[in-house]
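Just below is one structure, and these are the notes that go with it.
First listed ligand is number 1; within each ligand, the first listed atom is number 1.
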Amino acid sequence: MDKSRREFLKGTAWMGVAAMAAGHLAAQAAENRPGCAAGAPMHGFRVAPMKRVRVGFIGVGARGTPAVKRIAQIPGCEVTAISDINPVRLDAVQKWMKENGYPAPKEWSRNGDQDAWKGLCDSDVCDVVYSATPRPLHCPINVYAMAHGKHVLQEVPGAFNLEECWATVEAAEKFRRHCMMLENCTYGEEEMLVFNLIKKGKLGEIVQAEVGYQHDQRSLQYNPRDGVFWRIDRHMKHHGNYYPTHGLVPAGRCLDINRGDRFEYLVSMETKSASFEAFGQANFPADDRVVGVDGKPFNRHTQRMVKGDINTCLMHTAQGKTLSLIHNVCTPRPYDRGNLFMGTKGIYRSYPSLLMAWEEKIGDGGAHKYFDEAKAQKIKEEYRHPFWKVAGEIAKKVGGHGGMDFVMDLRWAYCLQNGLPLDTDVYDLATYSSIVELSERSVNARSSAIDFPDYTRGGWKTAQPFTVDEIDMGKFDFSSKPVKGGNA
Ligand SMILES: NC(=O)c1ccc[n+]([C@@H]2O[C@H](COP(=O)([O-])OP(=O)(O)OC[C@H]3O[C@@H](n4cnc5c(N)ncnc54)[C@H](O)[C@@H]3O)[C@@H](O)[C@H]2O)c1
């Protein structure tokens with residue numbers, strides 16, 4: 001292990017003691033890292049066009065099974081392998097594949113062996129591993145799959161602490177494989193609309209974004225479908241934002257994070273914990289007893305959480321922008337990702353409503369003057385992102401969060417089939433996933449500022465900003481493989 005890495009790890013072990021020093025250590029280690037572990041930087045990384053993309057799935061639960069159905073329908077993609085420790089899930093996928101006329105994928109893990117997914121990675125039946133497993137498996141799968149020659153598409157967050165982020169970056173650099181985080185909201189119709197508006201200059205220079213993930217999951221987390229409590233486990237044991245990416249990654253793309261700008265530091269603050277406790281007392285008997293993922297029993301009636309109800313992070317970028325990020329999965333409220341962007345010429349907000357105003361409406365003193373609904377809809381049509389123009393109809397037919405999941409899948413498939421770089425790379429996966437640990441460190445240190453590691457090692461300064469690209473849908477021969485629809 002090189003010296004800078006040892007220093008860095010010392011920094012993470014020191015979590016929560018003195019934030020000023022910890023933040024300084026993280027920055028120092030990032031600056032000192034001597035370059036890639038064993039390969040070239042991954043910005044703009046591409047591989048030869050893959051006319052046939054063979055995909056192996058690890059984890060075919062709530063996320064993985066609909067993904068199998070979507071990817072099986074993409075021309076040029078084949079689902080050739082599946083791994084899940086739950087045979088019921090394997091059976092359901094095999095049944096769907098058979099009923100819809102697709103060849104049976106090869107299976108791993110039917111016997112419940114927790115490590116059998118490695119056999120899928122060792123095999124030569126797939127080129128790409130699509131991982132939709134519980135979060136503790138994400139980094140082990142990233143590293144092992146890339147070491148065995150597979151490109152990785154990883155669910156969110158792509159890693160769970162700084163050590164896992166570095167391990168994933170180093171594996172991608174060493175083994176020269178793609179490792180993309182499957183941040184589906186980046187491909188949402190409204191997220192792509194605001195991206196297009198920003199790239200066309202309608203909002204001027206963006207100075208602040210306010211995003212997040214607010215989704216009442218009290219029932220989901222306390223009543224998991226398989227009886228496995230991996231979601232609530234983090235809540236019970238750690239502070240910080242452990243699920244940061246849904247609002248964040250689309251906003252990071254608008255802010256050119258890792259491509260001309262970078263997150264420098266964050267501060268994070270948390271409320272007390274109250275809502276899970278109230279829910280537990282109201283919904284479970286006093287003698288409730290379930291077993292957590294660590295094998296220890298707990299009682300949902302009396303269980304206390306470490307994480308507070310609402311975590312808020314504020315991030316500062318090298319180019320002087322700020323981004324606020326909220327995480328709240330336990331107060332009773334409608335779903336919300338925020339999606340608020342403010343620039344030198346205007347404002348955009350969506351979720352729940354579509355609100356826009358820029359200079360033609362507000363002039364220089366325009367309180368309460370958003371465009372009316374009809375005008376907002378007109379702008380939405382005019383500036384619909386090219387991805388959605390060409391793929392929107394088919395994506396809505398196939399489905400997955402209103403079609404955005406299918407737009408995302410079409411996009412990475414298109415990039416792989418045509419030898420293009422993927423939209424987000426391993427540095428993005430690491431940067432955004434870092435917030436899990438950085439936010440916890442900040443909360444533990446009375447909201448002191450904590451530096452982000454620079455996984456690009458300065459490469460962000462020269463990396464090309466995102467552009468508004470087009471999928472040439474003509475390259476997908478849907479006539480040879482008409483979509484069936486219904487991924488859920
Ligand atoms: N992008 C999104 O919108 C979104 C939404 C929900 C969840 N997620 C992410 O997707 C991932 C999966 O979430 P989910 O809701 O599908 O969970 P889930 O519990 O429904 O599915 C996980 C599956 O992994 C299987 N599994 C567990 N250990 C395994 C092992 N050792 N080998 C093989 N299979 C194993 C389980 O049997 C299960 O079928 C999580 O990382 C979560 O953060 C993303």
Six-ring centre of Tyr187, Arg411 cation under 6.0 angstrom, axis tolerance 45°: no
Pi-cation contact, Tyr242 with Arg234 (under 6.0 Å, within 45°): no
Ligand 1 contact on Gln114 by region, counting heavy-atom pairs under 4.0 Å: both
Contact with ligand 1 for His401, non-hydrogen, under 4.0 angstrom: yes
Exam field: side chain Gln417 to backbone Pro75, donor-acceptor pair closer than 3.5 Å: yes
Nearest non-hydrogen protein atom, atom 22 (C) of ligand 1: Ala132 O, 3.6 Å
Set of residues satisfying side chain to side chain donor-acceptor pair (under 3.5 Å) with respect to Tyr222, sequence neighbours excluded: none
N/O separation below 3.5 Å, Ala62 to ligand 1: yes
Those atoms of ligand 1 less than 4.0 Å from some heavy atom in His246: 1 (N), 2 (C), 3 (O)
Intermediate values then yes/no, side-chain contact (heavy atoms from CB on, under 4.5 Å), Asp428 and Arg259: CA-CA 10 Å; Asp428 300 313; Arg259 289 157 184 78; 2.8 Å; yes
Nearest neighbour of atom 24 (O) of ligand 1 from the list Pro134, Gly158, Pro140, on a heavy-atom basis: Pro134
Heavy-atom nearest neighbour in the protein, as seen from atom 36 (C) of ligand 1, with distance rounded to 0.1 Å: Asp84 OD1, 3.5 Å
N/O separation below 3.5 Å, Glu155 to ligand 1: yes
For atom 38 (C) of ligand 1, the protein heavy atom that lies nearest, with its residue and separation: Arg89 NH1, 3.2 Å
Check: His43 ring centroid to Tyr427 ring centroid under 6.0 Å: yes
Side chains of Thr331 and Ser275, donor plus acceptor under 3.5 Å: no
Nearest neighbour in protein (non-hydrogen) for atom 40 (C) of ligand 1: Thr133 O, 3.3 Å
Residue pairs involving residues 112-129 (criterion salt bridge (Lys or Arg N to Asp or Glu O under 4.0 Å); sequence neighbours excluded): Arg54-Asp127
Part of Arg231 with heavy atoms under 4.0 Å of ligand 1, whether side chain, backbone, both or neither: side chain
Any donor-acceptor N/O pair, Glu437 side chain to Leu162 backbone, under 3.5 Å: yes
Atom 26 (N) of ligand 1 [closest protein heavy-atom partner, distance rounded to 0.1 Å]: Ile85 CG1, 3.8 Å
Top protein contact for atom 19 (O) of ligand 1, by heavy-atom distance: Trp230 NE1, 3.4 Å
Ligand 1 contact on His138 by region, counting heavy-atom pairs under 4.0 Å: side chain
Leu137 N/O to ligand 1 N/O under 3.5 Å: no
Residues Asp233 and Lys296 bridged, charged N to O under 4.0 Å: no
Derivation and outcome, side-chain contact (heavy atoms from CB on, under 4.5 Å), residues Ser350 and Val194: CA-CA 9 Å; Ser350 73; Val194 70; over 6 Å; no
Among Asp405, Val156, Val228, closest by any non-hydrogen atom to atom 42 (C) of ligand 1: Val156
Non-hydrogen atom of Tyr243 closer than 4.0 Å to ligand 1: yes
Glu191/Arg253 salt bridge by N-O under 4.0 Å criterion: no
Identity and separation of the nearest protein heavy atom to atom 21 (O) of ligand 1: Gly61 CA, 3.4 Å
Nearest-contact summary for atom 7 (C) of ligand 1 - protein heavy atom, Å: Arg63 CG, 3.5 Å
Flag, side chain of His138 to backbone of Pro157, donor-acceptor distance under 3.5 Å: yes
Residue portion contacting ligand 1 (non-hydrogen atoms closer than 4.0 Å) for Asn184: side chain
Asn86: numbered ligand 1 atoms lying under 4.0 Å from its heavy atoms: 37 (O)
